[in-house]
Amino acid sequence: MTGPRDITVVGASISGLRATQALRELGYDGRLRLIGAEPELAYQRPPLSKRFLTGSQTAQSLRFALDPALDIDVQLATRATGLDLAARRLHIRTTGTKNDSRLRFDGLVIATGAEPIDLGLAGRPGVHLLRSLPDATALRDALHRGTPRVLVVGGGLIGCEVAATCRTLGLEVSIVEREPLLMRVLGDRVASALTGLHRTQGVRLHLGVALADLHGAPTVEAAELSDGVIVPADVVVLAVGVRPAVDWLRDSGLPLRNGVLCAANLGVRGLERVTSAGDVTAWPDPLDGATRRVEHWDNAVAQARAAARTLLTGPAAPPFRDPGIFWSDQYDLRLHVLGRPQPTDLVEVDGPIETGGCTARYLRHGRLAAVALLNRPRELGRYRRLLAS
Ligand SMILES: Cc1cc2nc3c(=O)[nH]c(=O)nc-3n(C[C@H](O)[C@H](O)[C@H](O)COP(=O)(O)OP(=O)(O)OC[C@H]3O[C@@H](n4cnc5c(N)ncnc54)[C@H](O)[C@@H]3O)c2cc1C
């Protein structure tokens with residue numbers, strides 16, 4: 001069987017961009033299209049909750065460039081609206097137009113990422129989501145207009161980063177989180193330390209409760225929590241998680257289960273020459289065998305290359321091995337997490353966890369399974385090698 005000669009990549013953020021670049025690097029010289037719903041090509045999302053919000057990093061510095069020599073036909077402001085697998089046709093629609101057009105392909109990479117859960121509150125004045133550059137620009141403008149009181153809904157990675165950024169700006173900030181601790185995915189010991197860090201930095205914490213209602217019309221003035229507490233707020237940031245961007249695939253017959261369901265090599269289950277990369281992808285993670293979706297930058301970059309390779313190689317392509325790493329910046333803390341901490345792991349800490357400068361080692365069945373480095377970036381290489389082995 002010869003390889004594909006007409007490949008389309010859907011989603012022009014980091015995994016889509018890196019997939020097109022990898023296809024060329026791997027020697028693919030056929031037709032290559034990159035379709036993206038946003039009006040601009042990929043940019044770095046991680047600074048959107050950090051230095052971009054403080055104003056110390058500009059939009060221009062976040063953008064990626066695409067080498068024209070790669071000969072990629074880029075169609076931005078164009079959304080894939082459907083997929084006809086039998087005819088191998090993609091339905092697309094350009095922003096501002098009413099009709100779909102059809103695009104033939106013989107190879108497809110799905111890289112449509114994830115979209116924030118909005119609790120049905122999007123569009124209400126004062127309520128913000130944070131996924132895209134326009135979202136972040138609107139939030140940054142709101143944070144720099146006077147001294148707003150901020151309520152962050154959700155105490156995961158992005159919620160904690162936004163709260164830290166707002167405190168750095170000197171703003172009054174509250175977090176409401178359903179769980180009893182912030183960033184609970186890191187296990188109770190590390191999560192307790194991070195929760196303490198936010199408390200010490202002056203964030204008001206409402207833990208073990210949920211957002212019940214918003215008051216004020218048309219602009220938000222306060223939030224009511226499930227325990228009846230009223231939190232005054234001019235800016236409400238919803239950081240309650242994301243869901244995979246698969247609505248356009250619903251009628252396609254493509255296997256969907258918390259994302260696009262893939263085999264170990266990121267080939268979409270049961271289909272030839274269709275692969276998936278990044279936040280939209282669910283695959284059997286060799287780190288523990290569980291089928292999961294990962295919502296981190298390094299994973300998106302690494303999966304893009306693997307998805308490109310599988311598209312060109314076919315079903316015999318080797319399994320994808322996730323680097324299993326993410327980072328976060330909060331106040332003066334740089335956190336790196338390698339592997340996948342589990343709530344039942346035994347955690348050993350070798351230093352002052354409350355102030356940072358330590359390593360938390362997660363032991364499972366007596367073996368090192370994951371590591372959290374708190375201001376220990378130099379340890380990264382060593383633990384990466386240790387965990388890989
Ligand atoms: C504020 C913020 C901070 C973050 N910080 C960190 C961090 O510190 N560390 C870390 O590891 N990760 C972080 N992340 C996560 C990281 O940015 C994501 O894992 C990464 O962006 C995933 O890349 P992706 O290309 O798979 O998906 P996305 O970046 O979501 O891109 C998907 C693209 O596909 C487009 N699209 C969707 N549907 C369609 C369609 N039907 N047709 C065409 N195009 C479509 C979207 O518009 C989007 O441009 C952060 C994310 C955010 C939002």
Side-chain angles (χ1 to χ4, degrees), residues 8-20 33-53 57 62 64 74-83 90-95 100 103 108-116 128-137 139-140 152 154 156-162 164-165 183 237-239 241-250 252 259-260 266 276-282 293-304 307 322-330 333-338:
T8 296
V9 177
V10 186
S13 179
I14 189 63
S15 54
L17 177 70
R18 290 287 183 256
T20 54
R33 285 196 190 88
L34 180 59
I35 309 273
E38 293 188 69
E40 61 179 305
L41 191 62
Y43 47 85
Q44 296 178 54
R45 288 191 205 277
L48 298 183
S49 48
K50 311 173 186 83
R51 289 164 54 84
F52 179 79
L53 279 190
Q57 197 162 359
L62 305 179
F64 290 105
V74 181
Q75 296 182 30
L76 297 174
T78 302
R79 181 171 286 279
T81 53
L83 177 64
L90 194 66
H91 301 199
I92 57 171
R93 190 179 302 176
T94 304
T95 306
D100 284 355
L103 242 181
L108 181 70
V109 182
I110 297 168
T112 47
E115 41 204 26
H128 293 260
L129 297 171
L130 184 52
R131 184 75 191 177
S132 66
L133 192 47
D135 293 341
T137 305
L139 178 57
R140 187 194 59 191
V152 179
L157 181 88
I158 291 184
C160 285
E161 288 185 347
V162 171
T165 302
M183 294 197 72
V237 184
L238 299 181
V242 295
R243 57 188 189 90
V246 293
D247 285 352
W248 64 286
L249 294 166
R250 290 261 176 247
S252 67
V260 173
L266 306 186
S276 181
D279 283 17
V280 76
T281 307
R293 230 166 31 77
V294 171
E295 296 162 1
H296 297 305
W297 189 262
D298 287 29
N299 175 71
V301 169
Q303 283 199 341
D322 175 36
I325 178 169
F326 72 88
W327 78 95
S328 177
D329 293 325
Q330 297 170 34
L333 174 72
R334 166 140 286 207
L335 172 74
H336 288 99
V337 179
L338 295 99

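Read the numbers this way: they start at 1 and go in the same order the structure lists the ligands and their atoms.
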Mode of A42 contact toward ligand 1 - side chain, backbone, both, neither (heavy atoms, under 4.0 Å): neither
Within the structure provided, determine whether V280 and P244 are in side-chain contact (heavy-atom separation under 4.5 Å). yes
Quick one, R140 and F52 - any side-chain contact, counting heavy atoms below 4.5 Å? yes
Which of the numbered atoms in ligand 1 are below 4.0 angstrom from a heavy atom of V10? 42 (N), 43 (C)
Nearest protein heavy-atom contact for atom 46 (C) of ligand 1: which residue, which atom, what distance? E38 OE2, 4.1 Å
Could you tell me if any non-hydrogen atom of E161 lies under 4.0 Å from any atom of ligand 1? yes
Measure the distance from atom 18 (C) of ligand 1 to every protein heavy atom, then report the residue, atom name and distance (to 0.1 Å) of the closest one. D279 OD2, 3.5 Å
Do I35 and L103 pass the side-chain contact (heavy atoms from CB on, under 4.5 Å) test, and can you show the C-alpha distance, the side-chain angles, and the key distance before you say yes or no? CA-CA 11 Å; I35 309 273; L103 242 181; 3.7 Å; yes
Side chain or backbone of A80 under 4.0 Å from ligand 1, or both, or neither, by non-hydrogen atoms? both
Which of the numbered atoms in ligand 1 are below 4.0 angstrom from a heavy atom of E295? 15 (C), 19 (O)
Out of L53, L129, V162, which one pairs with V237 under the side chain to side chain contact (heavy atoms under 4.5 Å, CB included) rule? V162
Does any N/O atom on S49 come nearer than 3.5 Å to any N/O atom on ligand 1? no
Backbone of A77 reached by a side-chain donor or acceptor of T95 within 3.5 Å: yes
Interatomic distance, E38 atom CD to T78 atom OG1 [nearest 0.5 angstrom]: 12.5 Å
What atoms of ligand 1 come closer than 4.0 angstrom to any heavy atom of A114? 30 (O)
Classify the contact between S132 and ligand 1 as side chain, backbone, both or neither, using a heavy-atom distance cut-off of under 4.0 Å. neither
Within 4.0 Å of some non-hydrogen atom of W248, the atoms of ligand 1 are 41 (N)
Part of W297 within contact of ligand 1 (heavy atoms, under 4.0 Å): both
Which residue and heavy atom of the protein sit nearest atom 14 (N) of ligand 1, plus the separation: P46 CG, 4.3 Å
Tell me the protein heavy atom at minimum distance from atom 37 (C) of ligand 1, and give that distance in Å. T112 O, 3.2 Å
Do any nitrogen or oxygen atoms of V280 come within less than 3.5 Å of a nitrogen or oxygen of ligand 1? no
Show me which atoms of ligand 1 lie under 4.0 Å from any heavy atom of F326. 11 (O)
Would you check if L108 and L83 make a side-chain contact, meaning some heavy-atom pair closer than 4.5 Å? yes
E115 side chain near D247 side chain, heavy-atom distance below 4.5 Å: yes
Could you verify whether a donor N or O on one side chain and an acceptor N or O on the other, from S328 and E161, lie under 3.5 Å apart? yes
Ligand 1 and D298, any nitrogen or oxygen pair closer than 3.5 angstrom? no
Give a yes or no answer on whether the side chain of T165 reaches the backbone of S49 with a donor-acceptor pair at less than 3.5 Å. yes
What is the nearest protein non-hydrogen atom to atom 25 (O) of ligand 1, stated with its residue, atom name and distance? S15 OG, 2.7 Å
Starting from atom 52 (C) of ligand 1, which protein heavy atom do you reach first, and at what distance in Å? I158 CD1, 3.5 Å
Given side chains that start at C-beta, do those of V294 and F326 come closer than 4.5 Å, heavy atoms only? no
For atom 53 (C) of ligand 1, grab the closest protein heavy atom and report residue, atom and distance to one decimal in Å. L130 O, 3.6 Å
Starting from atom 7 (C) of ligand 1, locate the nearest protein heavy atom and write down its residue, its atom name and how far away it is, to 0.1 Å. W327 O, 3.5 Å
For ligand 1, which atoms, with element, lie under 4.0 Å from some heavy atom of S13? 25 (O), 28 (P), 29 (O), 31 (O), 32 (C), 33 (C), 49 (O)
Close approach of T78 to ligand 1, heavy atoms, under 4.0 angstrom: yes
Can you find a pair of side-chain heavy atoms, one from H296 and one from W327, that are under 4.5 Å apart? no
Subset of ligand 1 atoms that lie under 4.0 Å from at least one heavy atom of A300: 22 (C), 23 (O)
W248 and R93, any side-chain heavy atoms less than 4.5 Å apart: no
Test side-chain contact (heavy atoms from CB on, under 4.5 Å) on I110 and L249 and set out the steps. CA-CA 10 Å; I110 297 168; L249 294 166; 4.2 Å; yes
Does K50 approach ligand 1 within less than 4.0 angstrom via side chain, backbone, both or neither, non-hydrogen atoms only? side chain
Within reach of ligand 1, part of T81 (heavy-atom separation under 4.0 Å): neither
Salt bridge check: are R45 and D279 linked by an N-O gap of less than 4.0 Å? no
Within the side chain of T137, is there an N or O that forms a donor-acceptor pair under 3.5 Å with the backbone of D135? no
Using a strict cut-off of 4.0 Å, indicate which atoms of ligand 1 neighbour a heavy atom of G278. 26 (O)
